[in-house]
Amino acid sequence: MSAGDYLRYLRAVKGGPTPQDIQDATGVKAGMYRQIEQRYRAMGTDDELASLAAYYEVPVEELTSRIEWTRKALSAALVEAVELDAPIKLELRSGHTLTGKVLWSDLGAALIQSDDGHEYTVQRHMVDRWQIIEA
């Protein structure tokens, strides 16, 4: 899960404060907050991420550790798994792990067929980490 996806999750859990509310509480400009939440690449300085982590009452590592796990990188991994015809292991926000073949993916979700033949639709914002399993 990217830092942006995680911030959207935290904002929902906190009751949906507006970017302006967050700016007032943290000093992170509302426009930058929107950029961090919405971009497909790493955004935000260490200081901005630290302010946001304090606001959401999570360790700063919860945001900074997600910088390299962008939605763009997940897209690339899903495409690569299809091209290699290799299974992918998805570590989900729920704590579950799902391993299987990528049947399709788009910007919102992926359909994974597990080893036992069951198909699971996984919303991409619920994927924390991933790994292609190469033979």
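Remember, it's a predicted structure, so these values are computed and weren't measured experimentally.
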Open item on the list: Hydrophobic clustering (ILVMFWY, side-chain heavy atoms < 4.5 Å, transitive) - are Leu111 and Leu90 grouped together?
Closed with: no
Rounded distance (nearest 0.5 Å) linking atom [atom1] of [X] with atom [atom2] of [Y]:
| X | Y | atom1 | atom2 | result |
| --- | --- | --- | --- | --- |
| Glu37 | Ile22 | CD | CD1 | 6.5 Å |
| Leu98 | Gln113 | CG | CD | 11.0 Å |
| Gln131 | Thr97 | CD | OG1 | 10.5 Å |
| Leu7 | Leu49 | CG | CG | 7.5 Å |
| His125 | Arg93 | NE2 | CZ | 10.5 Å |
| Leu52 | Leu63 | CG | CG | 6.5 Å |

How far apart are the closest heavy atoms of [X] and [Y], and which atoms are they?
| X | Y | value |
| --- | --- | --- |
| Ala86 | Ile132 | CB-CG2, 3.9 Å |
| Ser94 | Met126 | N-CE, 4.2 Å |
| Val102 | Ala81 | CG2-CB, 4.0 Å |
| Val28 | Ser51 | CG2-CB, 4.1 Å |
| Arg11 | Pro19 | NH1-CD, 3.8 Å |
| Tyr55 | Ala25 | CE1-CB, 3.5 Å |

Find out whether [X] and [Y] are in side-chain contact, i.e. whether some heavy atom of one side chain is under 4.5 Å from a heavy atom of the other.
| X | Y | result |
| --- | --- | --- |
| Leu10 | Glu62 | no |
| Ile88 | Thr99 | no |
| Leu78 | Trp130 | no |
| Thr18 | Tyr33 | no |
| Val127 | Leu92 | yes |

TODO: Look at atom CG of Asp46 and say whether more than 12 heavy atoms of other residues, nucleotides or ligands are closer to it than 6.0 Å.
DONE: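 Counting neighbours around CG of Asp46, 12 or fewer heavy atoms of other residues, nucleotides or ligands fall under 6.0 Å, so no.
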Task: Heavy atoms of other groups near Lys29 NZ, more than 12 under 6.0 Å - done: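 No, not enclosed.
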TODO: Name the orientation class of the two ring planes belonging to Tyr9 and Tyr6 (parallel below 30°, tilted from 30 to 60°, perpendicular beyond 60°).
DONE: parallel
Task: Any donor-acceptor N or O pair under 3.5 Å, side chains Ser105, Arg124 - done: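 There is no such pair between these side chains.
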TODO: Would you please say whether a donor-acceptor pair under 3.5 Å links the side chains of Asp47 and Thr45?
DONE: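 Note: Asp47 and Thr45 side chains miss the donor-acceptor criterion.
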